[in-house]
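Being a predicted model, the structure only gives us computed values, none of them experimental. Proteins come first, then strands; the chains are lettered A, B, ... in the order of their sequence lines, and each starts at number 1.
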Protein chains: 2
Amino acid sequence: MVERARTGDPRAVARLISLVENHSPQLRAVMAALVRHTGSASLIGVTGSPGVGKSTTTSALVTAYRAAGKRVGVLAVDPSSPFTGGALLGDRVRMQEHATDRDVYIRSMAARGHLGGLSAATPQAARVLDAAGCDVVLIETVGVGQSEVEVAALADTTIVLLAPGMGDGVQAAKAGILEVSDVFGVNKADHDGADHVVRDLKAMTRMVERDPGDWRQPIVATVASRGEGIDELVEAVHKHQVWLAESGELERRRRARVRGEIEAIALGTLRERFADLHGDERLDELAEKVLLGRLDPYAAAEEVVDAVS
Amino acid sequence: MVERARTGDPRAVARLISLVENHSPQLRAVMAALVRHTGSASLIGVTGSPGVGKSTTTSALVTAYRAAGKRVGVLAVDPSSPFTGGALLGDRVRMQEHATDRDVYIRSMAARGHLGGLSAATPQAARVLDAAGCDVVLIETVGVGQSEVEVAALADTTIVLLAPGMGDGVQAAKAGILEVSDVFGVNKADHDGADHVVRDLKAMTRMVERDPGDWRQPIVATVASRGEGIDELVEAVHKHQVWLAESGELERRRRARVRGEIEAIALGTLRERFADLHGDERLDELAEKVLLGRLDPYAAAEEVVDAVS
């Protein structure tokens with residue numbers, strides 16, 4: 001199956017991602033076989049508030065990368081994304097063009113919690129697409145709660161999308177937006193107020209002190225529904241990737257990402273052992289002793305730690 | 001110091017709670033000495049949205065329990081509580097009466113995160129107050145995010161406070177309010193709309209199917225600022241505690257609580273070991289191997305689990 005996935009067989013890829021999502025016992029063997037084929041895909045995060053046009057932009061990016069002959073994977077974590085079936089008919093029709101393209105692999109991922117946090121399976125799913133020969137993996141997440149931060153930790157390049165007329169747009173988003181973005185897209189650039197958003201963003205990015213050689217987020221105006229500005233967006237992402245490689249930041253980011261991934265899996269393993277223990281009479285006995293004042297909770301916890309480790 | 005705390009020496013109690021909050025190495029020894037003196041305090045949670053009068057009600061409850069000759073502890077997790085210094089002058093003056101009472105111990109606890117989640121130290125702090133001879137420990141938390149659920153898990157009896165004129169009050173609160181509440185207080189009962197809130201609550205509590213012998217939340221109207229309805233509130237709490245004891249629910253709740261406490265401490269221990277590992281070159285080496293495709297992340301995580309356990 002791993003071999004078939006590597007040739008791009010979409011059903012094999014789908015099976016492997018399902019193994020990841022279901023936390024299958026076969027996962028270990030699969031990952032061990034896959035890992036030596038990973039590391040060549042560019043991971044690009046696309047995030048932003050609901051309504052800014054994430055899916056339309058993602059779709060336009062897919063078209064652009066396909067035109068350049070690249071194989072493309074899409075992981076859509078946004079529960080309202082047309083990729084996941086939750087959108088207007090018009091959007092869904094627009095996505096159809098990719099559905100029959102064998103060199104585009106689209107997969108919706110379950111979000112963790114109602115704020116759309118990335119599930120632990122997302123980095124592993126990206127790894128599967130990487131091993132399956134995708135040159136580019138686009139990860140679309142709705143930008144609320146923690147998910148922008150999480151996608152920024154996962155992606156090589158994170159595109160943060162804004163659009164005019166989203167209320168207090170830039171202001172509201174300000175909090176963490178500069179930390180997580182590598183490239184800004186101002187979509188719906190044909191709408192009133194788009195130049196305002198661009199100007200605000202420019203002012204924001206200029207306020208940050210930078211050393212020579214540091215990256216300054218480019219701001220690209222797009223009308224994704226008509227494909228306008230998409231080549232410029234692709235170019236901005238490309239420039240960022242050149243910078244990543246030359247500055248050594250790519251290696252730093254990928255190492256940090258893998259460290260996080262390893263820790264998340266390890267913590268998951270320990271949590272599972274805890275869960276197994278839940279049904280265990282041993283924990284009940286320990287609790288009983290604490291209630292009777294014969295054991296303090298720290299000593300009891302020590303026994304639990306010994307039991308799970 | 002444990003002996004001095006047991007006689008109610010406020011400075012010794014304060015020291016012990018600080019040990020808990022700072023996660024001091026002496027904690028183990030202290031808890032081991034304390035635990036055999038715990039289990040006699042009633043833990044009462046007081047929660048509700050900002051502005052319903054949690055602190056005023058808590059203060060009135062302190063007065064009532066003191067009048068009955070009980071020693072009272074207060075743990076205020078609400079960052080805007082007058083107990084923690086964040087309130088209007090009038091409220092603070094009202095609290096002063098307790099400040100000089102040696103049989104009232106008031107302590108503000110740091111909240112975890114901006115939504116006011118209980119810190120892991122809160123159950124341990126309650127344990128200290130229990131061992132220090134408090135008959136009643138009131139735990140005041142602001143009812144947003146997870147904190148009502150957490151206080152309900154921690155307390156024997158949880159009072160959920162509502163008040164008229166809080167926007168869509170009962171409706172908004174509906175989601176989890178029935179699960180976490182043992183007693184409803186409708187404060188500001190002299191304001192317009194209080195009877196509405198009472199009626200809505202009655203309708204809500206009636207909608208739930210119950211077996212004979214199950215607890216049905218009483219609804220008590222109060223004007224805490226004038227002490228009205230507080231005796232009825234104390235009586236409702238007392239009835240709940242009788243029911244808890246007779247139904248076996250008290251033991252069930254306390255066992256569940258201690259189990260949760262043990263697990264939280266155990267998970268904290270493991271997380272600390274992870275944190276220690278962060279500075280470790282070993283994790284970097286593992287990440288490097290994964291990046292080079294020589295090791296899969298699951299195998300790497302296994303090594304991490306082995307290292308921390």
Practice task
Determine the minimum heavy-atom distance between A/V304 and B/A266, stating which atoms define it.
Solution key: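 Shortest heavy-atom contact: CG1-CB, 3.9 Å.
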Handout entry: Smallest separation among heavy atoms of A/R259 and B/A287, with atom names
Key =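 Reported closest heavy-atom pair: CG-CB, 3.7 Å.
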Problem - Distance in Å, B/K289 NZ paired with A/I262 CD1, rounded so as to fall on 0.5 Å steps - result: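 Between atom NZ of B/K289 and atom CD1 of A/I262 there are 10.5 Å.
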Exercise for the section: May I ask you to name which of B/L34, B/L286, B/L27 has the most heavy-atom pairs under 4.5 Å with chain A? Expected result: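 Most heavy-atom pairs within the cutoff with chain A belong to B/L27.
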Exercise for the section: Would you mind listing every side-chain hydrogen bond (donor to acceptor under 3.5 Å, both in side chains) that reaches into residues 294-303 of chain B, with sequence neighbours excluded? Expected result: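 For residues 294-303 of chain B, and leaving out neighbouring residues, the side-chain hydrogen bond (donor to acceptor under 3.5 Å, both in side chains) pairs sorted by first residue read A/R28-B/E302.
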Problem - B/L295 side chain near A/V35 side chain, heavy-atom distance below 4.5 Å - result: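 Side-chain contact under 4.5 Å: no.
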Handout entry: For chain A, which residues of residues 240-257 of chain B have heavy atoms nearer than 4.5 angstrom
Key =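 The list, in residue order, reads B/R254, B/R255.
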Handout entry: B/R71 atom CZ, over 12 foreign heavy atoms within 6.0 Å
Key =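 Enclosed: over 12 neighbouring heavy atoms sit under 6.0 Å from CZ of B/R71.
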